[in-house]
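Take a look at the structure set out below.
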Number of protein chains: 2
Amino acid sequence: MPSRLSLRHSIASGLRRRVAAGDLAPGERLPSEPQLAKTLGVSRSSLRAAIALLEEDGLVQRLHGSGTYVTHRPVMRNDLSRNFGVSSMIASMGLEAGTVDEHCGLEPAPALVAEALELEAGEPVTALRRVRTADDRRVVYSVDWCRRDVLSPERMRDLGDGSVYDALADLDLPVHHGVATISPGMAGGEVAERLDVPRGSLLLTLFQVDSTADGHVVLVSEEHHLADAFEVTVYRRGPGEGSEQV
Amino acid sequence: MPSRLSLRHSIASGLRRRVAAGDLAPGERLPSEPQLAKTLGVSRSSLRAAIALLEEDGLVQRLHGSGTYVTHRPVMRNDLSRNFGVSSMIASMGLEAGTVDEHCGLEPAPALVAEALELEAGEPVTALRRVRTADDRRVVYSVDWCRRDVLSPERMRDLGDGSVYDALADLDLPVHHGVATISPGMAGGEVAERLDVPRGSLLLTLFQVDSTADGHVVLVSEEHHLADAFEVTVYRRGPGEGSEQV
DNA sequence: GCCTCCAAGTTGTACGACAACTTCGCTATG
DNA sequence: CATAGCGAAGTTGTCGTACAACTTGGAGGC
């Protein structure tokens with residue numbers, strides 16, 4: 001296991017902190033690369049690689065011959081571009097995240113889930129159903145599906161407050177990326193009851209398929225968010241540069 | 001104006017093409033960096049910078065001491081992570097995109113729009129309202145707001161089928177990124193009428209703020225999508241690495 | 001058969017040099 | 001005095017080489 005993350009990532013992480021802390025204000029120019037590399041005690045190559053990461057994130061902008069400037073970054077509440085899970089989503093809004101009505105067991109896999117996990121429809125899979133709360137208010141009803149030979153119901157039950165992502169990372173199956181399908185919806189019988197809202201309440205539903213770096217699907221989940229629970233945002237990179245519509 | 005895009009971006013673009021074309025199959029290992037650099041006629045530094053871009057996109061994965069491998073990338077219908085506009089969204093599904101009920105003029109800016117454009121609420125702004133069709137079916141009702149001193153109503157009317165993004169790019173104000181807020185909704189009076197659907201029909205609404213590279217907001221838009229019109233997906237990078245929740 | 005170790009190959013980092021570009025002050029010119 | 005042009009200094013972009021860190025596979029010994 002690599003365990004130690006690469007130098008450029010730790011440099012980038014440090015710079016991110018400085019930007020977030022306001023040490024580097026928006027619009028401000030960073031020290032020149034040779035100088036900054038010297039003060040950080042790294043080579044200019046590694047520093048450039050780190051800055052490239054920030055640039056890709058839209059945190060800074062590089063101008064040839066002029067300098068590197070901190071971008072006026074918009075305030076984003078909950079960026080879907082990164083994968084954090086509901087808990088940190090709630091925590092990031094200053095609310096206390098909790099879990100109620102947790103239930104875990106073997107269930108026959110729905111068609112879409114089975115397809116993603118490369119199983120036959122109806123085959124038993126580990127399913128974790130729970131209601132997430134923010135300051136004791138029920139805001140999200142979620143279901144996580146996982147192959148039983150990857151995460152048994154017992155093991156999934158044991159993780160308690162730990163994220164499913166952490167459990168998978170411990171198994172050397174870290175989630176590298178996921179694809180979420182977003183759709184509006186109205187609370188039906190089960191969801192309305194779990195979330196304790198009237199039927200027909202507006203929902204934002206995320207159907208998500210998570211994969212490891214080598215492309216194996218390890219987790220499928222469905223999250224029903226109350227419409228007014230949080231603001232969900234997405235960072236969209238502009239057209240141009242490397243963009244191919246598939 | 002830079003006009004010419006940097007070397008590493010053109011290298012990355014070429015590699016993206018090769019991946020998309022299947023020349024480089026998922027799971028396959030790329031040639032080693034020195035060798036690939038030689039065949040492409042560029043230095044290893046530039047090639048590495050280009051590969052870093054692909055890695056950030058999740059297209060490839062680098063393993064220290066082993067090699068660089070093409071990721072098994074999931075098939076995505078409409079990736080919100082990139083900014084294409086409704087037209088190409090429709091076109092990418094094999095449908096014919098059209099526009100009806102187009103109206104453009106000066107309107108008082110709503111509060112949220114005025115705030116984003118750094119104006120006083122109620123100040124007149126250029127507004128473009130239109131209904132987008134897919135194979136003659138009304139699927140999206142959209143409104144675009146822009147400062148009148150940036151894009152006059154006349155000019156915005158003239159662009160016809162051209163994208164608003166193109167018009168802004170011509171003005172040397174290319175959209176670098178945007179932040180979209182996603183929410184579910186039900187069709188009210190105006191939207192229901194425009195889209196020719198019953199009131200209360202399910203919608204997916206995107207409120208989006210587009211900015212230039214230096215962070216100036218140049219465009220605000222609202223898109224009301226019919227719930228069953230298309231599947232909207234988001235590519236979410238996994239937890240870990242450089243991630244700070246703000 | 002199994003384990004150890006080594007060698008070859010690959011990516012990560014470092015350092016130095018120069019090219020391409022921007023910025024700004026200085027100067028010559030009207 | 002105003003202005004256009006020049007040029008030096010500073011910054012990012014690219015190049016080349018060398019070495020470190022790591023993985024992989026096979027040879028060799030037990």
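Chain letters run A, B, ... following the sequence lines, proteins first and then strands; every chain starts at 1. Quick note: numbers below take in every heavy atom, side chains included, and nothing from hydrogens, waters or symmetry partners.
Contact between the side-chain N/O atoms of Arg29(A) and the OP1/OP2 oxygens of dT11(D) is found at a separation under 4.0 Å. Regarding contacts with the backbone of dG13(D), a side-chain N or O of Arg48(A) is found under 4.0 angstrom from either OP1 or OP2. Using a 4.0 Å cut-off, no side-chain N or O of Ser66(B) falls inside it from OP1 or OP2 of dT23(D). Dashed line: the shortest gap from a side-chain N or O of Ser45(B) to OP1 or OP2 of dG13(D) is not under 4.0 Å.
The environment of CZ in Arg155(A) is sparse: at most 12 heavy-atom neighbours from other residues, nucleotides or ligands sit within 6.0 Å. Heavy-atom contacts from other residues, nucleotides or ligands closer than 6.0 Å to CD of Glu120(B) number 12 or fewer. More than 12 heavy atoms of other residues, nucleotides or ligands lie within 6.0 Å of CD in Glu33(A), so this atom counts as buried by the packing criterion.
In this structure, the NZ atom of Lys38(A) is 15 Å from the C1' atom of dC15(C), given to the nearest Å. Distance CD1 (Ile51(B)) to P (dT14(D)): 14 Å, rounded to an integer number of Å. Rounded to whole angstrom, the span from the CZ atom of Arg62(A) across to the P atom of dA20(C) amounts to 19 Å. Going from atom CG of Leu7(B) over to atom P of dT12(D) covers 18 Å, rounded to whole Å. Going from atom CG of Leu47(A) over to atom P of dG12(C) covers 17 Å, rounded to whole Å. Atom CZ of Arg44(A) and atom P of dC18(C) are 14 Å apart (whole Å). One atom, CD of Glu33(A), and another, C1' of dC21(C), lie 13 Å apart when rounded to the nearest Å. Computed from coordinates, the Gln35(B) CD to dA8(C) C1' distance equals 15 Å when rounded to whole Å.
Closest-nucleotide positions on DNA chain C for Ile11(A) and Leu63(A) were compared, and the one nearer the 5' end corresponds to Ile11(A). Nearer the 5' end of DNA chain D, as judged by each residue's closest nucleotide, is the contact made by His64(A), out of Gly41(B) and His64(A).
Arg8(A) comes within contact range of the sugar-phosphate backbone alone, with a heavy-atom separation under 4.0 Å but no base atom that close.
Minimum interatomic distance between Arg8(A) and Ala50(A) (heavy atoms only, all atoms of both residues): O-CB, 3.4 Å.
The main-chain N or O of Gly238(A) is never found under 3.5 Å from a side-chain atom of Arg82(B) such that the two would form a donor-acceptor pair.
Comparing atom distances between the Thr68(B) side chain and each of dT10(C), dC15(D), dT11(C) picks out dT11(C) as nearest.
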